[in-house]
Amino acid sequence: MVSAGLEIVGLSMCVIGSLLVMVACGLPMWKVTAFIEANIVVAQTIWDGLWMTCVVQSTGQMQCKVHDSVLALTHDLQAARALTVISAVLGVLGLMVVIAGAQCTNCLRTEYVKARVVNAGGIIYIISGLFVLVPLCWMANNIISDFYNPQVPSSKKREIGAALYIGWAATALLLIGGTLLCCSCPSSGNTGYSVKYAPTKRASQNGDYDKRNYV
């Protein structure tokens with residue numbers, strides 16, 4: 001029962017984490033315009049994402065333009081694209097592996113093999129979390145470095161967007177959920193109790209128990 005509970009909790013956290021990775025991958029709010037000048041009234045806000053750049057006007061209108069060339073992107077954006085997509089694919093693969101070895105399914109018969117398959121799914125989810133953690137930290141480091149760099153113009157300085165925070169939350173869920181799946185210990189092959197009962201003692205013809213029963 002304990003291992004089944006760990007599987008359910010771990011799989012739920014990993015599924016939510018994988019969905020958040022997909023959301024963070026699609027959101028354009030990886031880099032947001034930094035308001036560091038004295039003028040409070042700003043006509044537009046710029047969002048830079050992995051796939052597009054959006055401009056939000058003060059009236060609420062938003063215009064987005066997809067990145068035309070992949071090679072023209074910076075190295076951090078190119079790596080973030082590749083690693084987040086790989087992380088999302090690993091999330092789907094880990095889901096299929098864990099479901100195949102879950103205790104509530106009959107895809108596999110041997111309990112020991114099912115537990116090992118669930119452990120393998122947990123490792124896949126941990127790798128998925130690490131894959132999405134690398135571009136998040138790389139992007140955040142570049143944003144902070146450019147923000148405090150005096151040589152970068154104020155118009156080009158950016159702040160950490162909401163997509164990075166969503167990605168960090170997804171990373172935490174994937175790492176914790178994958179660890180829980182790895183901690184589900186394989187059960188033994190015998191599911192029942194191993195108690196062996198002695199044969200019933202037979203009585204002799206005169207009504208007394210045979211003395212051989214006590215030897």
Side-chain angles (χ1 to χ4, degrees), residues 3-32 47-54 64-108 113-143 160-184 186:
S3 61
L6 288 177
E7 288 181 6
I8 295 174
V9 175
L11 182 58
S12 301
M13 296 179 68
C14 290
V15 170
I16 296 175
S18 297
L19 293 177
L20 291 180
V21 169
M22 298 177 185
V23 171
C25 181
L27 285 179
M29 293 177 291
W30 283 65
K31 299 179 182 179
V32 184
W47 295 346
D48 293 329
L50 301 181
W51 312 99
M52 64 186 68
T53 299
C54 298
C64 296
K65 183 178 184 299
V66 180
H67 298 308
D68 296 329
S69 176
V70 178
L71 299 178
L73 298 175
T74 57
H75 296 292
D76 55 351
L77 283 177
Q78 293 179 9
R81 274 188 173 189
L83 293 178
T84 50
V85 171
I86 294 174
S87 176
V89 173
L90 287 177
V92 177
L93 177 61
L95 177 62
M96 293 187 296
V97 172
V98 174
I99 290 179
Q103 297 185 13
C104 57
T105 60
N106 295 325
C107 298
L108 300 174
V113 176
K114 294 176 67 174
R116 289 303 183 187
V117 171
V118 172
N119 296 152
I123 295 175
I124 293 175
Y125 275 119
I126 292 176
I127 296 175
S128 175
L130 294 177
F131 271 27
V132 74
L133 180 62
V134 172
L136 292 173
C137 296
W138 189 359
M139 188 81 66
N141 180 64
N142 291 340
I143 293 173
I160 298 175
L164 293 180
Y165 295 104
I166 296 176
W168 281 322
T171 301
L173 291 175
L174 288 173
L175 294 179
I176 297 174
T179 304
L180 291 178
L181 292 176
C182 291
C183 291
S184 58

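Residue indices begin at 1 and follow the sequence shown. Just the heavy atoms: all of them, side chains too, but no hydrogens, waters or symmetry mates, feed the values below.
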Summary of salt bridge (Lys or Arg N to Asp or Glu O under 4.0 Å) pairs that have at least one residue in residues 161-176, sequence neighbours excluded
none
Just distance, no hydrogens or angles: give the donor-acceptor pairs under 3.5 Å from side chains in residues 124-135, sequence neighbours left out.
unit_1	atom_1	unit_2	atom_2	d
Tyr125	OH	Gly91	O	3.1
Tyr125	OH	Leu95	N	3.0
Ser128	OG	Ser87	O	2.8
Ser128	OG	Ser87	OG	2.8

Which pairs pass salt bridge (Lys or Arg N to Asp or Glu O under 4.0 Å) with one or both residues in residues 66-77, sequence neighbours excluded?
Lys31-Asp76, Lys65-Asp68
How far does CG of Leu83 sit from CG of Leu136, to the nearest 0.5 angstrom?
9.5 Å
Taking every non-hydrogen atom, the tightest pair across Ala24 and Ala163
CB-O, 3.6 Å
Within the 4.5 Å heavy-atom criterion, are His75 and Asn142 side-chain neighbours or not?
no
Could you give the distance from CD1 (Ile86) to CG (Leu93), rounded to the nearest 0.5 Å?
12.5 Å
Please enumerate all residues that pass side-chain contact (heavy atoms from CB on, under 4.5 Å) together with Cys64, with sequence neighbours excluded.
Met52, Cys54, Met62
List for me each residue that meets side-chain contact (heavy atoms from CB on, under 4.5 Å) alongside Thr53, sequence neighbours excluded, and say none if there are none.
Ile46, Asp48, His67
With sequence neighbours left out, what residues match Cys137 under disulfide (SG to SG under 2.5 Å)?
none
What's the shortest heavy-atom distance between Val66 and Trp51, and which atoms?
CG1-O, 3.3 Å
Suppose we screen for side-chain contact (heavy atoms from CB on, under 4.5 Å). Which residues come up paired with Ile16, at least two apart in sequence or across chains?
Leu20, Leu173
Between Leu6 and Cys183, what is the shortest heavy-atom contact and its length?
CD1-O, 4.1 Å
Positive for side-chain contact (heavy atoms from CB on, under 4.5 Å) with Leu50, one of Leu73, Thr84, Leu27
Thr84
Quick test of your reading: applying side-chain hydrogen bond (donor to acceptor under 3.5 Å, both in side chains), list the pairs with at least one residue in residues 17-29, sequence neighbours left out, ordered by first then second residue.
none
Side chains of Ile143 and Leu164 in contact at under 4.5 Å (non-hydrogen atoms):
yes
Of all heavy-atom pairs linking Ala102 and Glu7, the shortest is CA-OE1, 3.8 Å
Which pairs pass side-chain hydrogen bond (donor to acceptor under 3.5 Å, both in side chains) with one or both residues in residues 170-181, sequence neighbours excluded?
none
Mind listing the closest non-hydrogen atom pair of Ala170 and Val21 along with its distance?
CB-CG2, 3.6 Å
Partners meeting ring pair (Phe, Tyr, Trp, His ring centres under 6.0 Å) with Trp168 (sequence neighbours left out)
Tyr165
SG of Cys14 to CG of Leu19, rounded to nearest 0.5 Å, is 11.0 Å
Determine the minimum heavy-atom distance between Ala80 and Met139, stating which atoms define it.
CB-CE, 4.1 Å
Straight-line distance of Met22 CE to Ile166 CD1, nearest 0.5 Å
14.5 Å
